[in-house]
Structures are given as structure tokens and as C-alpha cells.
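Data first, discussion second: the structure below is written as C-alpha cells.
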Amino acid sequence: MSAIAKRRERERARRHQLIITAARELAEAEGWEAVTMRRLAERVEYSQPVLYSHFNGKGAILRAVAIEGFGELATRLRRARLATPEPPQALHAVCRADLEFAAEQPALYQAMFVLPTDVKFAHAETPPPLRAAFDEFVSCFSSDNLRRELFAEVTWSALHGIAALSDSGRIPPDGQAERLDFLVTQIAGTPRGPAPL
């Protein structure tokens with residue numbers, strides 16, 4: 001590849017990231033309804049056709065934002081898990097890190113879990129950053145737990161419910177620690193292996 005082609009490729013990657021970052025900032029400031037191709041073009045100072053050369057619409061930008069968010073979440077969950085390696089405490093640390101992430105970046109969390117995208121969960125086409133985030137939950141359960149992925153899925157689903165209800169103001173924030181303790185105690189205390197018939 002020539003030096004000119006490499007420079008163009010770097011410039012394209014920089015523009016691509018600039019659009020993603022601008023979408024995230026605009027969404028956090030004004031909500032996802034404010035994120036339009038026109039507003040993004042103004043914000044990044046490129047024409048709408050340039051934006052469309054990177055993304056075929058808002059849905060594609062939302063997908064890119066979500067995948068970037070899962071990468072950031074995976075890093076945060078891994079840090080929490082490795083700081084507290086014992087299984088019940090690791091699960092508690094990972095769950096707390098997940099809820100803190102949701103509270104600190106609500107628009108990003110919406111892109112990842114709430115708004116419609118074509119990002120597939122529990123599928124052969126699941127993006128690696130999403131899988132990495134999920135695997136941090138899986139790693140909190142013993143490798144001899146034959147249903148550790150199910151436990152991780154139920155835990156993450158419960159956390160999503162807590163985060164969504166907290167964000168909407170439907171449950172009070174002062175009960176978050178108690179909810180988290182209860183969830184971890186219930187999940188960590190579940191017997192390992194397949195359920196009896």
C-alpha cells in the first residue's frame with residue numbers, strides 16, 4: 001500500500017471515529033432524538049454525503065456506538081473482576097461496575113441495550129466486544145458450574161432491569177446497594193449443575 005493510500009486510510013478511520021464520538025456527545029447532551037445526520041454533519045464539519053460514505057444512516061451509527069460501548073464496558077468489568085478475584089465478591093464487583101457504567105453514561109447504555117439495533121446477543125454474529133463483556137459475567141462463576149452462561153445471562157438481564165428502572169426514576173436510587181446485594185446473594189447461592197428433573 002502506498003504512503004498516500006495509507007494516509008487516506010488513516011484519515012478515513014479518523015473521520016469514522018469523529019462521527020461516532022460526535023453522536024455519543026450529542027446523545028448524552030440532548031438525547032438520541034437529537035442525533036440526526038444533519039446535526040452530525042454540522043457538528044463534525046463534514047457534508048452529509050461524507051457521513052453517508054461512512055454510515056448508511058443513524059441506525060449504523062447507533063450500532064457503531066453500541067459496539068464501542070460494549071468494548072468500554074468489557075474493559076471496566078474485567079478491571080472490576082480482576083481487582084476482586086473471589087467468586088461471590090467478583091460477581092458483586094462486576095455487577096456494581098455494570099450499574100455504575102449505566103448510570104454514568106445513560107445515552108450510551110441506551111444505544112447498547114434499549115434502542116433498536118441489529119447487534120445480536122447470544123448468536124454466532126455477536127460482536128467480539130459484546131461477547132467480551134458477557135464473558136466477564138461468565139468468569140464470575142466457577143468453571144465447574146455447568147450452567148454458568150445461563151447464570152451470567154440472568155444476572156445481566158436483572159441488572160439491565162435495575163438500570164432501566166433506576167434511569168426512569170421508577171425505583172429509588174437509595175436502594176441500589178441493597179438490590180445489588182440481594183441479587184448477588186440469590187444468584188451466587190444457586191446450586192451448580194443442571195436442575196433436577
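A quick note: this is a predicted structure, and the numbers were derived from the prediction, not measured.
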Starting from Leu62, can I reach Tyr52 by hopping between I/L/V/M/F/W/Y residues whose side chains sit under 4.5 Å apart?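 Yes, Tyr52 and Leu62 fall within the same hydrophobic cluster.
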Would a single hydrophobic cluster contain both Leu26 and Val50, if residues Ile, Leu, Val, Met, Phe, Trp and Tyr are joined by side-chain heavy-atom contacts under 4.5 Å? yes
Given 3.5 Å as the limit, does a donor-acceptor pair link the side chain of Arg81 with the main chain of Val94, or not?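 No; judged by distance alone, with no hydrogens or angles, the pair does not exist.
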Rounded distance (nearest 0.5 Å) linking atom [atom1] of [X] with atom [atom2] of [Y]:
| X | Y | atom1 | atom2 | answer |
| --- | --- | --- | --- | --- |
| Leu91 | Thr155 | CG | OG1 | 5.5 Å |
| Leu99 | Asp167 | CG | CG | 11.5 Å |
| Asp181 | Arg179 | CG | CZ | 11.5 Å |
| Lys58 | Leu115 | NZ | CG | 8.0 Å |
| Arg79 | Glu136 | CZ | CD | 11.0 Å |
| Thr75 | Leu77 | OG1 | CG | 8.5 Å |

Residues Leu73, Asp98; criterion side-chain contact (heavy atoms from CB on, under 4.5 Å); working and verdict: CA-CA 7 Å; Leu73 178 60; Asp98 185 81; 3.7 Å; yes
Is it the case that Ser157 and Glu153 place a side-chain donor and acceptor less than 3.5 Å from each other?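 Checked: Ser157/Glu153 side chains show no N/O donor-acceptor pair below 3.5 Å.
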Should [X] and [Y] count as side-chain neighbours, where that means a heavy-atom distance under 4.5 Å?
| X | Y | result |
| --- | --- | --- |
| Thr36 | Arg39 | yes |
| Arg8 | Glu11 | no |
| Tyr46 | Leu18 | yes |
| Arg12 | Ser53 | yes |
| Arg96 | Leu180 | yes |
| Glu149 | Phe141 | no |
| Glu72 | Arg76 | no |
| Ile61 | Met37 | yes |

Under 3.5 Å, which donor-acceptor pairs link side chains of residues 158-166 to any protein atom two or more places apart or in another chain?
unit_1: His160; atom_1: ND1; unit_2: Tyr109; atom_2: OH; d: 3.0
unit_1: Ser166; atom_1: OG; unit_2: Ile162; atom_2: O; d: 2.8
unit_1: Ser166; atom_1: OG; unit_2: Gln176; atom_2: NE2; d: 3.1

Which residue is it: Arg24, Glu28, Gln110? I am looking for the one with a side chain to side chain donor-acceptor pair (under 3.5 Å) to Gln105. Arg24
Using every non-hydrogen atom in the two residues, find where [X] and [Y] come nearest and quote the distance to one decimal.
| X | Y | value |
| --- | --- | --- |
| Gly69 | Leu108 | CA-CD1, 3.8 Å |
| His92 | Val184 | CA-CG2, 3.8 Å |
| Ala41 | Ser47 | CB-C, 4.1 Å |
| Ala66 | Ala111 | CB-O, 3.5 Å |
| Ser139 | Arg148 | CA-NH2, 3.6 Å |
| Ala133 | Ala74 | N-CB, 3.5 Å |

Are more than 12 heavy atoms, taken from residues, nucleotides or ligands other than Arg170, located less than 6.0 Å from that residue's CZ atom?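 No - once you tally the heavy atoms of other residues, nucleotides and ligands closer than 6.0 Å, there are 12 at most.
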Neighbour count above 12 (heavy atom, 6.0 Å) for Glu30 CD: yes
Tell me if the centroids of the rings in Phe113 and Trp156 come within less than 6.0 Å of each other.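 So the answer is yes for these two rings.
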Can you list the steps and then say if Thr21 with Gln17 is a side chain to side chain donor-acceptor pair (under 3.5 Å)? CA-CA 6 Å; Thr21 301; Gln17 185 58 51; 3.2 Å; yes
Atom pairs and distances, donor-acceptor, side-chain atoms in residues 117-124, under 3.5 Å, two or more places apart:
unit_1: Thr117; atom_1: OG1; unit_2: Val119; atom_2: N; d: 3.2
unit_1: Asp118; atom_1: OD1; unit_2: Arg63; atom_2: NE; d: 2.6
unit_1: His123; atom_1: ND1; unit_2: Glu125; atom_2: N; d: 2.9

Would you please test Thr126 and Phe134 for side-chain contact (heavy atoms from CB on, under 4.5 Å) and show each step? CA-CA 11 Å; Thr126 297; Phe134 179 70; over 6 Å; no
